[in-house]
Structures are given as structure tokens and as C-alpha cells.
Amino acid sequence: MIVNWVSVGVLIAVFIIACRRIAIKWQIERLRLPRNLPLSFQRKLDYVKQIEQSKHVSALLFLTLFLGVALSLSTFSSFQLNKQLYALEEKNNALGDRLYKVEKEQKQMNTKLPIKAYPQKGIGLKDYSWEQIFADENREKQYEIENDISEKVAPYFGLSTTLIVLDIPTQTLNIALAGNSGSEENKKQIKDNIKNFAKEAKDIEKLTQITFQMNLLNDNNKKNMYSCTFSRENATENFVLIQEDE
């Protein structure tokens, strides 16, 4: 900050000196003297012009020096600013890496916790305005419900990513899950919760099919795929598991 103020001061000084020398030069050049002046006065005037000319040269040298100093200070200030910005960027990157590591460790800890059993009363699927969504195809309302259900089922599926999408033309609810399933007990609990979710989905009258697609990693980081499909003929029936692949 001080360096910047010094640079500004130097530039102001350069401007003042330059303006003063220009003004003096302009005043001397404007002089219109009569031809019959005494020789002594003419010599004195020539001497003054020589003095001022030498001052112009000296001022030019000083201005060059001052400009060099100002340029050096500006370059130094810019270098210091870039250095500070680089240090700040390094700190931000380190903070970002630390935050990512903490989030990763937190997710790993969550996968090692026992998966909650699906509640007997369900998560309130029947409370949503499904009839309106199927009738009006309100995209905004549909996305709102999909996101809300994804948040509600997260504790019972226990995976880091849960995506729920309702396909209105085919009357299908597609659910994609991805993450670390943890132990075999957790994986079994997730499958049980999926079946209980399908049981509760009976209350969604227009829905005829539910698909689950899971991309899992176990404790040994071994990939495992699991998918299943539930279907029914009409709104009064329960959903039945018609396909299961593992």
C-alpha cells in the first residue's frame, strides 16, 4: 500500500515539474523584443535562455529518473500482489483438498453405520399430489417431489447418491442408487427397504412400475451391480417383484 502511494507521489511530482518547465519555455518563446535593444540587454537575455535551457535538460534527466523509480515501484508492487494472490490461491487449494478429504471420510463413516430399517408407517408417499402430476405433467412440481423423496429415503438406502425420476408416459418410477454399501448386512437391509418402499408405493394409483438400479462398492472396494423391477396390472394390486439381477 505504501509503495503505491509513493508511486503516485512520484508521478504527481513528475507532472508538476514537467508543467513548470513547459510554462517557462512557452513564456520565453513568447517574448517579442524590439530590434533596437542595447547589446548588454540582449546578451543578458541570451544568458537567461541558456540557463533555462540547461534547466530543461536537468529537469528532463530528473523526470527520466523519477519515471524509472515510479516504474520500478509499480513493478515491485505488482510482483508483491501476484505473490500474495499465489499464496492465497495455494491456501484455497489446500483448504479445498482438506474439505474434500473430510467429506470423503464422512461418507466412508456413514457407510459403516448400520442402515435404518424402512419405517412401518412409510415415508408418506401417499401425501404427495400424484394425481395432479400425472394429469397436468407439472415439471416443476414433479422435480420438487422427486428431490423431496430422494432426501427422505436416503437414511434407508444409505448410499451417497440417490436419484429418483418419474416417467409419466410409462407410469414408471425409476430409482438409481450409487455408493459404498458397506457390509453385507447393510446390503441386505437396503434390499429389504427397497421391497418395503415398493409396498408403500401401492398408494400411488397411476404408478404401474418401479425400477431400482444400484451401483455398489463393498468394504473391499469391489464393484457390484444390483437391479430389480416391481410391477402391477392395476392400482388396487400390490407391486410384485418381476425381475432381479445381481
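Values reported hereafter were calculated over all heavy atoms of this structure, with side chains retained and with hydrogens, waters and symmetry mates removed. On a predicted model such as this, the values are computed, not experimentally measured, just so you know.
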Query raised in the report: Is the shortest heavy-atom distance from the side chain of Asp192 to the side chain of Tyr118 under 4.5 Å?
Result: no
**Report entry** side chain to side chain contact (heavy atoms under 4.5 Å, CB included) partner of Leu166, chosen from Leu207, Ile145, Thr172, Asn174
**Finding:** Leu207
Query - Minimum heavy-atom distance between Thr170 and Thr208, given as atom pair plus value - result: O-OG1, 3.6 Å
Query - Non-hydrogen side-chain atoms of Thr211 and Leu173 separated by less than 4.5 Å - result: no
Query raised in the report: Would you find more than 12 non-hydrogen atoms of other residues, nucleotides or ligands less than 6.0 Å from Glu90 atom CD?
Result: yes
**Report entry** Within-4.5 Å side-chain heavy-atom neighbours: Leu241 and Gln243
**Finding:** no
Query raised in the report: Taking all non-hydrogen atoms of both residues, which atom of Lys121 and which atom of Glu200 are closest, and how far apart?
Result: O-OE2, 4.3 Å
Query raised in the report: For Glu244, does the CD atom have more than 12 heavy-atom neighbours from other residues, nucleotides or ligands under 6.0 Å away?
Result: yes
Query - Leu125 vs Phe197 side-chain heavy atoms within contact, under 4.5 Å - result: yes
**Report entry** Exercise: identify the closest heavy-atom pair between Gln189 and Ala117
**Finding:** NE2-CA, 3.5 Å
Query - Heavy-atom check, side chain of Phe230 versus side chain of Ile242, under 4.5 Å - result: no
Query raised in the report: Any link between Leu163 and Tyr143 through a network of hydrophobic side chains (Ile, Leu, Val, Met, Phe, Trp, Tyr) touching at under 4.5 Å?
Result: no
Query raised in the report: Any luck finding a side-chain donor-acceptor pair between Asn147 and Ser150 under 3.5 Å?
Result: no
Query raised in the report: Considering all heavy atoms of both residues, which atom of Tyr226 and which atom of Lys191 are nearest to each other, and what is their separation?
Result: CE1-CE, 3.6 Å
Report task. Flag the pair Arg232 / Lys202 as yes when at least one side-chain heavy-atom distance between them is below 4.5 Å, and no otherwise. Result -> yes
Query raised in the report: Tell me, do Thr229 and Phe212 make a side-chain contact under 4.5 Å, heavy atoms counted?
Result: no
Query - Side-chain donor-acceptor contact under 3.5 Å, Asn196 with Tyr156 - result: no
Query raised in the report: Using the ring of each side chain (for Trp, its six-membered ring), is Phe134 parallel, tilted or perpendicular to Trp130, with breaks at 30° and 60°?
Result: tilted
Requested in this report: Dump the intermediate steps for side chain to side chain donor-acceptor pair (under 3.5 Å) on Asn82 and Gln84, then the final yes or no.
Outcome: CA-CA 5 Å; Asn82 290 334; Gln84 292 175 1; over 6 Å; no
Query raised in the report: With a 4.5 Å heavy-atom cut-off, do Ser227 and Met214 have their side chains touching?
Result: no
Query raised in the report: Should we say atom CD of Glu205 is surrounded by more than 12 heavy atoms from elsewhere, each under 6.0 Å from it?
Result: no
